[in-house]
Amino acid sequence: MAQRIKITEILRTEPLGEDILVKGWVKAFRNNQFIALNDGSSAFNLQVVVDHENTDPALLKRITFGAAIGVHGTLVESQGKGQKFELKAAEITIYGDCNPEEFPLQPKKQTLEFLREHAHLRFRTNTFAAVFRIRHVLSYAIHKFFNDRGFVNLHSPIITGSDAEGAGEMFRVTTLDLDKLPRTEDGAIDTSKDFFGKSTNLTVSGQLEAELAATALGEVYTFGPTFRAENSNTTRHLAEFWMIEPEVAFADLNDNMNLAEAMLQYVIKYALDHCAEDLRILEERLLEEEKSKPQDQRSEMALTEKLRFVVQNEFQRLTYTEAIDILKNSNPNKKGKFQYTIDAWGADLQSEHERYLVEKHFKKPVILTDYPAAIKAFYMRLNEDGNTVRAMDILFPGIGEIVGGSQREERYEVLLQKMQAMHIPEEELYWYLDTRRFGSCPHAGFGLGFERLVLFVTGMTNIRDVIPFPRYPGSAEF
RNA sequence: GCCUCCUUAGCUCAGUUGGUUAGAGCGGCGGACUGUUAAUCCGUAGGUCAAAGGUUCAAGUCCUUUAGGAGGCGCCA
C-alpha cells in the first residue's frame with residue numbers, strides 16, 4: 001500500500017493519477033458521496049469521492065462529521081467546480097468513530113464563547129486550526145529573526161527566588177503542607193522548611209536574568225511562559241502568557257526601538273508570506289463578525305491589508321511630552337469626551353488616550369518614549385532632565401501596549417538611589433546590582449507579549465482565543 | 001477589584017403593555033435523491049425558560065439573591 005501523504009504535500013506536488021493514502025478528520029460528508037477531509041497540515045480540505053453504490057452501507061454510516069479516517073485511492077482531476085482535483089476512494093478505514101449525537105461540535109458556525117468552553121475540541125474548527133498554525137509560524141519567525149541576527153536564546157528560570165521583579169503580583173510556589181504550615185517562633189511561616197529553603201514564585205519576567213546574560217553574551221532573548229497573579233478581567237490579559245524579552249549590550253533607546261520595529265515588521269511579514277490561506281480564513285471570519293456591528297465600529301482595513309500597512313509604514317515615534325500636548329489639544333479632550341481629562345504633565349496615559357493616538361490621530365503603530373520617571377520601573381535609565389526615563393511603549397491599534405521596553409540604568413549609584421527611593425530591597429537584588437559594579441555597560445531591551453502579537457495578526461478580539469488553554473482569574477480548565 | 005449587559009431545544013436566536021398548549025433556523029434521528037461545495041426535499045423527536053426566593057388571579061416576561069458568561073475600566077505584556 002502507498003505511504004501516507006499530507007494534504008499540503010498533495011497541493012504542492014499534485015500527484016495526479018497516483019495511488020495515495022491520506023489520513024485525517026471528516027469535515028463534511030455530502031450526498032453520501034463527497035467527503036471533505038482535513039489532516040491539519042493546512043486549511044485546505046481534500047475532496048474524497050466515495051463509490052457509494054459499491055461501498056458497505058454500514059461503513060458509509062460511520063463517515064460522520066469529526067470521524068478520523070484513512071483513504072486509499074487515486075488522485076484525479078475533479079469533475080466538480082469547487083476544486084481542481086479529488087481523491088477517488090478505493091478503500092476507506094475508520095480509525096475513530098464520532099457519534100454525532102454526542103459530539104459537541106457541529107458543522108456550522110459556532111460562537112467563540114461556546115468553543116472557549118470546549119477548548120479541548122476547538123482545534124477541530126477552521127478558525128482555531130488557523131489561529132494555532134499562525135501562532136506556530138509567528139513563534140518560529142521570532143526565533144529565526146533573532147537567530148539570524150546572532151542573538152542567543154536564553155532560557156530564564158520559570159521558578160524564581162526573587163520576589164522583587166517588579167512586574168506584578170506573583171504565584172507562590174511551595175511544597176509546604178498548607179494544612180500544617182511550619183511556623184517560626186514569632187508565628188510567621190517558616191519558609192526555610194520549604195523545598196528551596198526559601199520563598200519562591202513563578203516568574204513575572206525574565207528581564208533581570210536576561211540583563212545578566214547580555215552583559216557577557218552581548219545579545220540575548222528569552223521566549224517563555226510568564227505568570228501574573230493580577231485579577232485582570234479583560235480581553236488582553238492572561239494569568240499565564242508567553243513573553244519575548246531581548247536584551248542588547250551597548251544599545252541605547254534608539255537601537256531598542258529600531259530592533260522592536262524591525263522584529264514586529266519581520267514576523268508579521270513572515271506570517272503574510274507563509275500563512276496566506278489561514279489569514280484568508282480569519283479575514284473572512286472577521287468581516288462576517290463585523291457585519292453585525294455598526295459602521296463606525298468596523299475596522300477600516302481588512303485583516304491582511306492592515307498587516308501589510310504595518311509592514312510597509314514606519315511606526316510613529318514621539319515622546320510622552322509631545323503626546324500629552326497632542327492629547328491636551330485634541331477634540332475629545334476639549335469637549336470632555338475622555339473619561340479622564342488630560343490637564344497636566346505627569347499623569348499616566350489611560351487606554352482611551354492611547355487608543356486616540358493610535359486609532360484616530362496617527363492611524364498607525366505608535367512608539368511613545370521618555371515617560372515621567374515616577375510612573376515607570378526602577379531599572380529604566382534616567383534622562384539628563386532628571387524627570388523622565390528612557391522608556392518606550394509600542395502601541396498597536398486594537399491591542400494597545402504590545403511592547404514595553406527601555407534603556408536600562410547602567411550607572412550603579414543612580415540605580416541604587418532609585419531602588420532606595422522606590423523601596424526595592426537591594427539585598428534581594430545584589431546579583432542584579434553586581435552587573436553595574438563589574439564591567440557595567442549601556443544596554444537596552446524590551447518585552448513583547450506574544451499573545452498580543454498573535455491577536456493582532458489573526459484579527460481575533462479576545463486573548464483567550466489565541467492561546468490553546470487560557471488561564472485567567474477563576475479559570476484553569478484542561 | 002469596579003461598572004454595564006446577557007443566560008429560552010444540542011447550537012444560534014425570536015417570544016408584543018405580565019394572559020390559554022413557549023416558536024424558528026441549523027444540528028440530530030428516519031426516509032427520498034445521488035457530482036455535492038453551508039447539498040436539496042419530506043417526516044420526526046427534542047424545553048424544570050440558569051438556580052432559589054418573592055410580587056401577582058396569572059411570570060419566560062416584574063423584583064431580590066446566587067451561579068455562569070460577555071464587554072468596558074484599572075493593573076500591564
Side-chain angles (χ1 to χ4, degrees), chain A residues 27-36 45-53 60-61 64-66 76 78-83 86 88 98-118 126 165-169 204-207 222-245 260 288 292-293 297 338-340 348-355 375-377 393-396 399-405 446-456 461-467 472-475:
Chain A
K27 303 295 272 191
F29 188 31
R30 285 182 287 268
N31 230 343
N32 224 8
Q33 194 176 181
F34 303 101
I35 302 170
N45 294 335
L46 179 67
Q47 170 149 292
V48 174
V49 185
V50 183
D51 179 6
H52 61 284
E53 280 167 352
L60 290 177
K61 270 225 140 347
T64 57
F65 178 65
V76 297
S78 179
Q79 295 172 40
K81 289 205 177 99
Q83 56 286 315
E86 61 197 16
K88 219 168 153 257
C98 190
N99 184 346
E101 280 184 275
E102 288 172 21
F103 191 42
L105 303 189
Q106 294 171 8
K108 60 172 282 195
K109 194 152 280 153
Q110 312 233 217
T111 59
L112 297 174
E113 290 81 9
F114 174 80
L115 293 168
R116 209 172 291 149
E117 287 174 11
H118 299 267
N126 295 337
E165 286 171 344
E169 291 296 312
V204 292
S205 164
Q207 179 199 314
T222 71
F223 189 160
T226 311
F227 308 86
R228 305 267 167 98
E230 306 281 352
N231 189 13
S232 294
N233 295 286
T234 80
T235 53
R236 22 173 231 292
H237 288 85
L238 290 165
E240 175 182 296
F241 63 101
W242 290 66
M243 192 152 62
I244 295 101
E245 294 178 291
E288 196 62 34
S292 59
K293 287 187 181 173
Q297 284 176 32
F338 284 141
Q339 199 185 335
Y340 298 90
D348 207 351
L349 299 181
Q350 308 294 313
S351 55
E352 59 180 343
H353 306 130
E354 297 180 347
R355 267 209 312 277
I375 59 172
K376 287 290 182 185
D393 283 358
I394 301 185
L395 312 176
F396 262 36
I399 310 288
E401 187 177 342
I402 195 167
V403 162
F446 61 86
L448 165 71
F450 185 53
E451 282 75 18
R452 290 190 180 173
L453 173 67
V454 182
L455 255 191
F456 183 75
T461 46
N462 190 321
I463 201 162
R464 297 167 187 181
D465 294 332
V466 298
I467 187 165
Y472 49 94
S475 181

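- Between T234(A) and rG74(B) there is no side-chain polar atom (N or O) within less than 4.0 angstrom of OP1 or OP2.
- Taking 4.0 angstrom as the limit, T111(A) places none of its side-chain polar atoms (N or O) nearer than this to OP1 or OP2 of rC11(B).
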- Task: For L453(A) and V466(A), run side-chain contact (heavy atoms from CB on, under 4.5 Å): C-alpha distance rounded to whole Å, both residues' side-chain angles, the deciding distance at 0.1 Å, then the answer.
- Result: CA-CA 10 Å; L453(A) 173 67; V466(A) 298; over 6 Å; no
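- With both pairing distances under 3.5 Å, rG53(B) is matched to rC63(B) as a Watson-Crick or G-U wobble pair.
- If you take CZ of R355(A) and P of rG72(B), they are 8 Å apart, rounded to a whole angstrom.
- Of the candidate nucleotides rU34(B), rU36(B), rG1(B), rG1(B) has the atom lying nearest to any side-chain atom of N233(A).
- Put simply, the side chain of E230(A) gets close to the backbone of E169(A): a donor and an acceptor are under 3.5 Å apart.
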- Task: Dump the intermediate steps for side-chain contact (heavy atoms from CB on, under 4.5 Å) on I463(A) and T235(A), then the final yes or no.
- Result: CA-CA 5 Å; I463(A) 201 162; T235(A) 53; 5.8 Å; no
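- The phosphate of rA70(B) has OP1 or OP2 within less than 4.0 Å of a side-chain N or O from R116(A).
- Among the heavy atoms of the strands lying under 4.0 Å from G80(A) is at least one base atom, whether or not backbone atoms are also near.
- A side-chain donor-acceptor contact under 3.5 Å links E245(A) and S205(A).
- Atom NZ of K27(A) has more than 12 heavy atoms from other residues, nucleotides or ligands within 6.0 Å.
- Taking the six-membered ring where tryptophan is involved, the planes of F223(A) and F450(A) are perpendicular, since the angle between them exceeds 60° and thus also 30°.
- When the P atom of rU12(B) is taken as reference, atom CD of E288(A) falls 16 Å away, rounded to whole Å.
- Counting all heavy atoms, side chain and backbone alike, R464(A) lies closest to N233(A) at NH2-CA, 4.4 Å.
- Within 4.0 Å of E117(A), counting heavy atoms only, lie sugar-phosphate atoms of the nucleic acid but no base atom.
- The CZ-C1' distance, from F29(A) to rA38(B), rounds to 17 Å in whole Å.
- If you check rA70(B), rA77(B), rC73(B) against the side chain of E113(A), the one that comes closest is rA70(B).
- Taking a centre distance below 5.5 Å and an interplanar angle below 30 degrees as the stacking criterion, F241(A) stacks against the six-membered base ring of rA77(B).
- Remark: P of rC75(B) and CG of L349(A) are 10 Å apart, rounded to the nearest angstrom.
- Atom CG in L395(A) sits about 12 Å away from atom P in rA77(B), given to the nearest Å.
- Across all strands shown, the partner of rC41(B) is rG31(B), judged by Watson-Crick or G-U wobble contacts whose two distances both fall under 3.5 Å.
- Out of rA70(B), rC73(B), rU36(B), the shortest distance to the side chain of R464(A) is found at rA70(B).
- Look at NZ on K88(A): it is 14 Å from P on rG35(B), rounded to the nearest Å.
- Residue Q350(A) places at least one side-chain N or O under 4.0 Å from the OP1 or OP2 atom of rG74(B).
- The interatomic distance linking F114(A) (CZ) with rC6(B) (C1') rounds to 17 Å, in whole Å.
- Look at N31(A) and you won't find any side-chain N or O under 4.0 angstrom from OP1 or OP2 of rG35(B).
- The base of rG35(B) is paired with the side chain of E86(A) by a donor and an acceptor separated by under 3.5 Å.
- For T235(A), taking side-chain heavy atoms from C-beta onward, the closest of the listed nucleotides rG71(B), rC73(B), rC76(B) is rG71(B).
- You'll find that the side chain of Q47(A) is closest to rU36(B), out of rU36(B), rA77(B), rG71(B).
- Closest contact between the side chain of H237(A) and the listed nucleotides rU36(B), rG1(B), rA77(B) involves rA77(B).
- Between rG74(B) and S232(A), no contact under 4.0 Å exists linking OP1 or OP2 to a side-chain N or O.
- Residue-level contact check: I244(A) touches neither bases nor backbone, having no heavy atom under 4.0 Å from any strand.
- In this structure, the side chain of T64(A) engages the main chain of C98(A) through a donor-acceptor pair within 3.5 Å.
- Closest contact between the side chain of R30(A) and the listed nucleotides rG74(B), rU36(B), rG35(B) involves rU36(B).
- Here R236(A) does not reach the OP1 or OP2 of rC75(B): none of its side-chain N or O atoms lies under 4.0 Å away.
- One C1' atom belongs to rU44(B), the other to rG53(B), and the distance between them is 39 Å to the nearest Å.
- At a cut-off of 3.5 angstrom, counting only N and O atoms as typed in the model, there is no donor on one side facing an acceptor on the other between the side-chain of Q110(A) and the base of rU12(B).
- Here the side chain of E354(A) pairs no donor or acceptor atom with the backbone of L395(A) at under 3.5 angstrom.
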Tabulate protein N/O versus nucleotide N/O from nucleotides 25-30 of chain B, keeping only pairs under 3.5 Å, one per line.
{"from": "rG25(B)", "atom 1": "N2", "to": "K108(A)", "atom 2": "NZ", "distance (Å)": "3.3"}

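- If you check every strand for non-hydrogen atoms under 4.0 Å, S78(A) touches a base.
- If you measure from atom CD1 of I35(A) to atom P of rU37(B), you get 16 Å, rounded to the nearest angstrom.
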